[in-house]
Amino acid sequence: MELTVKKLTVVSESHEYPIQKKGKGGGDEHDPGFLMDHRHLWMRDRRQWLILRVRATIIKAIRDYLDEHGFLLVDSPIFTGNACEGTTTLFATDWFDGSKAYLSQSGQLYQEATALAFGKTYCFGPTFRAEKSKTRRHLNEFWMVEPEAAFMDVHQDMDLAEDFLCYLVQTALTKHQAEMLEILPTNAEEKAWMEAHLKVLQGVQKPFPRISYDEAVRQIEAIRAEQKDAEQQKLLDIHWGMDFGSPHETELTKRYDKPIMVYGFPAAVKAFYMKKDPNRPEVALGFDVLAPEGYGEIVGGGQREDNLELLNKEIARHELNPESFLWYLDLRKWGSCPHAGFGLGVERTVAWVCGLHHVRETIPFARTLERLWP
RNA sequence: UCCGACAUAGCUCAGCUGGUAGAGCAUGUGACUGUUAAUCACAGGGUCCCUGGUUCGAGCCCAGGUGUCGGAGCCA
């Protein structure tokens, strides 16, 4: 395209722009820390511009899907009065009467209330974790969508998560596939990787492999036996009853080119509100969806304990204060029913779809352990 | 909290066995003008993260500290 300029107006002069063009070798002229310090300008870069538009597409797809499938948006509060699952992972702030308010780390408990009132609901907003996690998968402020439905069991919950995720990925691909291939890779090697990655995403169709925790443990044991590196063997140590660590998830998902659904975790390592398998009380009716290519857990969910007596026992076993949960227990006391739901992390999903190394690029202004600027 | 790596010009980095600081880009001046990652010439630009130590001499070696990044744990 060629333009014949008839008139030129300088709207604003810009001298010594802090972010430079690519170097002659084609590599980045700046390291990630510098770029994050200039996030307010960096987002004008075409790669960042695309990533944040993919995020917007995925967010719209989340709302469209749930709205069209009978879910009502009923948001959970962000301030909560009590620390539900331990204060160490919560940000505390001063409340009016000298007490503390905590920033929500999940809207789920409130979604159980709204689902029992409206049938199918979801909340979608920022979530806060005060964990001192410094990894490419963690932010201290991130966005999570949490659908919850009455009369839904864990199997229907997994069906929903599967269908939902397929819709999100395919919607993002339909809209952005061409520009993702054109813009995201910065060299020939990355371009080849992106071509393969887009094929993987095209293959994100139902059904996903569903692997029981028991089976996953067996597979990880087999993977561990193949490892030659002693360090890696140590990291992959596993036995029934242990929760998975990142190395377990990463190695397991490398074997698949679709997201996998792992279900039936040991109840002992899961949250107090998870319903137990009536046939195997040591197993919880929860599941995780693990993205391929090592992107980790993008969905966590399951069926909730709807039996008042069993729930009380779990609260005692986890040494939680029952008074904090009086309203939550009311939900079982008056008109309860089987119900289930899940949470999907927006940034991890966007990072996976875009094939990014780090989730910090998937949110306009990342908040991490060392970053409150800009 | 634990483990590891790194910290040199505005930015990205090099710097040998310890001998007193370099490149590219950016910036300034000039040349050129069909450019689009412009090109050419010249120039300016440094608390080598901080403190202490070893040494005739430390960007380099040692100790402590600070900061950044990655990983573990925890999780989306």
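Worth knowing before you read on, the calculation uses all heavy atoms, side chains too, and leaves out hydrogens, waters and symmetry mates. Residue numbering restarts at 1 for every chain, and letters A, B, ... go by the order of the sequence lines. The structure displayed is predicted, hence computed values, not measured ones.
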| Now, which nucleotide makes the Watson-Crick or G-U wobble pair with B:C75, with each of the two distances under 3.5 Å? | none
| field | Any A:R136 side-chain nitrogen or oxygen under 4.0 Å from OP1 or OP2 of B:G70 | value | no
| Sugar-phosphate only, base, or nothing, as touched by A:T127 at under 4.0 Å among non-hydrogen atoms | nothing
| query | Is there a side-chain polar atom (N or O) of A:R129 under 4.0 Å from OP1 or OP2 of B:G73? | reply | no
| request: Quick one: label A:D243 by what it contacts on the DNA or RNA (base, sugar-phosphate, nothing), any heavy atom closer than 4.0 Å. | output: sugar-phosphate
| said: Suppose we define a pair by two distances each less than 3.5 Å, Watson-Crick or G-U wobble; what does B:U29 pair with here? | reply: B:A41
| query | Is any NZ, NE, NH1 or NH2 atom of the basic residue among A:K60 and A:D67 found under 4.0 Å from an Asp or Glu carboxylate oxygen of the other? | reply | no
| message | Need the pair for B:C6. Rule: Watson-Crick or G-U wobble, both distances under 3.5 Å, any strand; none if unpaired. | response | B:G67
| said: Please confirm whether the shortest side-chain N or O distance from A:T89 to OP1 or OP2 of B:C74 is below 4.0 Å. | reply: no
| query | Does NZ in A:K270 sit with more than 12 non-hydrogen atoms of other residues, nucleotides or ligands closer than 6.0 Å? | reply | yes
| field | 5' priority, RNA chain B, between A:G345 and A:F34 [closest heavy atom] | value | A:F34
| request: Rounded to whole angstrom, note down the P distance from B:C40 over to B:G4. | output: 47 Å
| B:C42 to B:C6 separation - P atoms, rounded to the nearest Å | 37 Å
| request: Write down the distance separating the P atoms in B:U17 and B:C75, rounded off to the nearest Å. | output: 48 Å
| Between A:E347 and A:P18, which is nearer to the 5' end of RNA chain B once each is assigned its nearest nucleotide? | A:P18
| query | Is the base of B:C75 touched by the side chain of A:S133 through a donor-acceptor pair closer than 3.5 angstrom? | reply | no
| task | Give one of base, sugar-phosphate or nothing for A:G33, where a contact means two heavy atoms less than 4.0 Å apart. | result | nothing
| said: Please report the distance, rounded to the nearest Å, between CG in A:D31 and P in B:G70. | reply: 11 Å
| message | When both hydrogen-bonding distances must be under 3.5 Å and the geometry is Watson-Crick or G-U wobble, what is B:G22 paired with, if anything? | response | B:C13
| said: Under 6.0 Å from the ring centre and within 45 degrees of the ring axis: does the NZ or CZ of A:R53 meet both conditions for the six-membered ring of A:W49? | reply: yes
| query | With rounding to whole Å, what would you report as the distance between B:G46 and B:U66 at their P atoms? | reply | 30 Å
| message | If I pick the P atom on B:G59 and the same atom on B:C48, what distance separates them, to the nearest angstrom? | response | 8 Å
| task | Quickly work out the A:E131 CD to B:U1 C1' distance and round it to whole Å. | result | 13 Å
| request: Send over the distance from A:M274 CE to B:C75 C1', rounded to a whole Å. | output: 12 Å
| Same-atom distance (C1') from B:A43 to B:A5, integer angstrom | 38 Å
| task | Could you check whether A:I298 gets within reach of a base, just the sugar-phosphate, or nothing at all, counting any heavy atom under 4.0 Å? | result | sugar-phosphate
| For A:R137 and B:C69, what is the distance between atoms CZ and P respectively, to the nearest whole Å? | 16 Å
| query | B:C69 base to A:R371 side chain: any donor-acceptor pair below 3.5 Å? | reply | no
| query | For atom P, what is the distance between B:U47 and B:A41, given to the nearest Å? | reply | 29 Å
| With a 4.0 Å cut-off on heavy atoms, is A:H38 in touch with a base, just the backbone sugar-phosphate, or nothing at all? | nothing
| said: Taking any heavy-atom pair under 4.0 Å as a contact, classify A:V299: base, sugar-phosphate, or nothing. | reply: sugar-phosphate
| request: Once you apply the 3.5 Å cut-off to both distances, tell me the Watson-Crick or G-U wobble partner of B:G52, or none. | output: B:C62
| query | Nearest-Å distance, CE (A:M36) to C1' (B:C69)? | reply | 13 Å
| query | Whole-Å distance between B:G67 C1' and A:L369 CG? | reply | 13 Å
| said: Regarding A:D153 and A:K275, does a basic nitrogen lie under 4.0 Å from an acidic carboxylate oxygen? | reply: no
| request: Would you please confirm or rule out a distance under 4.0 Å between OP1 or OP2 of B:A26 and any side-chain N or O of A:H30? | output: no
| query | With a 4.0 Å cut-off on heavy atoms, is A:G296 in touch with a base, just the backbone sugar-phosphate, or nothing at all? | reply | nothing
| query | Could you walk me through whether A:E314 and A:E305 pass the side chain to side chain contact (heavy atoms under 4.5 Å, CB included) check? | reply | CA-CA 9 Å; A:E314 278 303 297; A:E305 184 54 74; 5.9 Å; no
| request: Scan A:L139 against the nucleic acid and name what it touches under 4.0 Å (heavy atoms): base, sugar-phosphate only, or nothing. | output: base
| What integer number of Å spans the C1' atoms of B:C16 and B:C61? | 15 Å
| query | What distance do A:T362 atom OG1 and A:I51 atom CD1 have between them, rounded to the nearest 0.5 Å? | reply | 8.5 Å
| What is the distance from NZ of A:K134 to P of B:C74, rounded to the nearest Å? | 17 Å
| message | Any salt bridge linking A:K254 with A:E293? Criterion: basic side-chain nitrogen under 4.0 Å from a carboxylate oxygen. | response | no
| Who is the Watson-Crick or G-U wobble partner of B:U47, with both distances under 3.5 Å? | none
| query | Hey, are A:R304 and A:E148 close enough for a salt bridge, meaning a charged N less than 4.0 Å from a carboxylate O? | reply | yes
| query | Once you round it to whole Å, what is the distance between P of B:G67 and CG of A:D37? | reply | 15 Å
| field | side-chain N/O A:R360 vs B:G70 OP1/OP2, d < 4.0 Å | value | yes
| request: Counting heavy atoms from C-beta on, name the nucleotide in B:U1, B:G70, B:A76 closest to the side chain of A:K132. | output: B:U1
